[in-house]
Amino acid sequence: MTKLNWGMIGGGEGSQIGPAHRLGAGLDGAFDFVAGALDHRAEAGRDYGQRLGLAPDRAYGDWREMLEGEAGRDDRIDLVTVATPNATHFEITKAFLSKGFHVLCEKPMTMTVEEAEEIVGLARETGRICAVNYGYSGYSLVRHMRAMVARGDLGKIRVVKAEFAHGHHANAADADNPRVRWRYDPAQAGVSAQFADCGIHAMHMASFVTGQEVERLSADTVSAIESRELEDDAMVNFRMSGGVVGRLWTSSIALGNQHGLTLQVFGEKGGLRWAQEQPNQLYWMPLGERLQVIERGEGNLSPEADRTSRVTVGHAEGMPLAFANIYSDLAEAIRARNEDRPCDPAADLYPRAEDGLRSMAAVFAVAQSGKSDGAWVDARPPMFR
Ligand SMILES: NC(=O)c1ccc[n+]([C@@H]2O[C@H](COP(=O)([O-])OP(=O)(O)OC[C@H]3O[C@@H](n4cnc5c(N)ncnc54)[C@H](O)[C@@H]3O)[C@@H](O)[C@H]2O)c1
């Protein structure tokens, strides 16, 4: 099988998310890392790129230089990952899609709903893949939850409860720390802080697993550290397209919670419980029976789970492998296009630009509802109303 060429923008030395992308993209040997503009400082980016093994002429100092350089090559990259700070995602993603590249963009895909609609339109018009890195949806047992819901194991779903509540910004003395302060400053972060950063992961998971979209929501947003202009804690109630009731709590002041992403799904025939910090176990409570633990790697769980499990049962798999599953989906999707054949349905699960757009609409809906005492508001982007 021919290898695909992969490039990255952002993810420079010391960045938070760069290493997880490089591990994920490299894990199955589907992608060769051949190009990058890794840092906002040109020389640092060129230097680090070469230390990671990029050829000098493909360790670019700037993403525009990379776009021009790659567009002119016969062995151009097949996929580019955009892992720069949020405010740059729209411009970079738009530029690469326009030149015919497939893109995996970090979340949030854009800063406004209008920009997100433009990206969806462009991806459709160009026929290029625009994926968004809701990487937690790559976990094998999250995919198994989705498969169990879709095949009816839980019956009709009544309630989904999602949490992404950590305690990393709980120190009021940190409010002036420049690494934290920008996140709660509307001029830099936009209309929402904690919901836009973490809540959207939890909301995407609720949609991904139930197969339903968020239609309306009501939000109680709070700045628990009062000097913050934007929220550091929010409780969001929502209703989904197939009637599921959603409950979501997100926080950055939840001291004692480390990562704090969990998902519970309650149906008429059973309930499921999963936590990102113990991703290899899924708790399944069938109605009238005893609580069961489903272990990742057991085999014969579902095509979606079996395809995304690499390490023997009883050995831990973690977050970079969830990212690897998004990359493995993308490799299959790109190859299917190149070979003019249908994509394996068990791999056709990577989050799309449409998901990025729905998240953006939810971010603005949460901000609007939060300012109006929790009034119920339409959470759908205009394009999907
Ligand atoms: N999906 C997830 O689970 C997840 C987790 C963490 C972060 N993120 C997202 O990833 C993105 C990056 O976050 P991070 O925490 O790694 O940030 P970071 O500040 O740790 O790193 C950002 C990197 O991008 C580089 N950079 C900045 N501007 C650039 C430009 N114009 N061209 C090239 N490189 C540039 C910086 O030099 C740095 O190396 C954010 O959008 C964030 O929301 C996603």
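Atoms within each ligand, like the ligands themselves, are counted from 1 in listed order.
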- Message: Take a 6.0 Å sphere around CD of Q50 and say whether it holds more than 12 heavy atoms from other residues, nucleotides or ligands.
- Response: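 Counting other residues, nucleotides and ligands, CD of Q50 exceeds 12 neighbours.
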Cation-pi check for [Y] against [X]: NZ or CZ below 6.0 Å from the six-membered ring centre and within 45 degrees of the axis, yes or no?
X: R181; Y: Y184; result: no
X: R273; Y: Y283; result: yes
X: R76; Y: F101; result: yes
X: R146; Y: F208; result: yes

Please report whether ligand 1 has a polar contact with [X], defined as an N or O pair separated by less than 3.5 Å (distance criterion only).
X: I17; result: yes
X: D197; result: no
X: H89; result: yes
X: R179; result: no
X: D39; result: yes
X: R41; result: no

- Minimum-distance pair of heavy atoms, taken over all atoms of V191 and E231: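 Here V191 and E231 meet closest at O-OE1, 4.5 Å.
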- Message: Could you work out, for atom 43 (O) of ligand 1, the closest of K107, H40, E106 by heavy-atom distance?
- Response: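 Nearest option to atom 43 (O) of ligand 1, by heavy atoms: K107.
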- Message: Out of I92, L261, T84, who is nearest to atom 29 (C) of ligand 1 when you count heavy atoms only?
- Response: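 The residue whose heavy atom sits nearest atom 29 (C) of ligand 1 is T84.
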- Query: Is a side-chain donor-acceptor pair under 3.5 Å present for D185 with Q188?
  - Reply: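 A pair is found: one side chain offers a donor N or O, the other an acceptor, under 3.5 Å apart.
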- Task: Could you see which bit of S15 sits under 4.0 Å from ligand 1, with heavy atoms only: side chain, backbone, both or neither?
- Result: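 For S15, the contact with ligand 1 is made by both the backbone and the side chain.
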- Indicate yes or no: does D355 engage K107 in a salt bridge with an N to O separation below 4.0 Å.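 Here D355 does not pair with K107 in a salt bridge, since their nearest N and O are not under 4.0 Å apart.
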Compute the minimum heavy-atom distance from [X] to ligand 1 and say whether it is under 4.0 Å.
X: H201; answer: yes
X: M319; answer: no
X: Y136; answer: yes

- Sub-4.0 Å protein heavy atom next to atom 26 (N) of ligand 1: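 Looking at atom 26 (N) of ligand 1, one finds that a protein heavy atom does lie closer than 4.0 Å.
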- Task: Please check if a non-hydrogen protein atom sits closer than 4.0 Å to atom 17 (O) of ligand 1.
- Result: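 No, because not a single protein heavy atom sits under 4.0 Å from atom 17 (O) of ligand 1.
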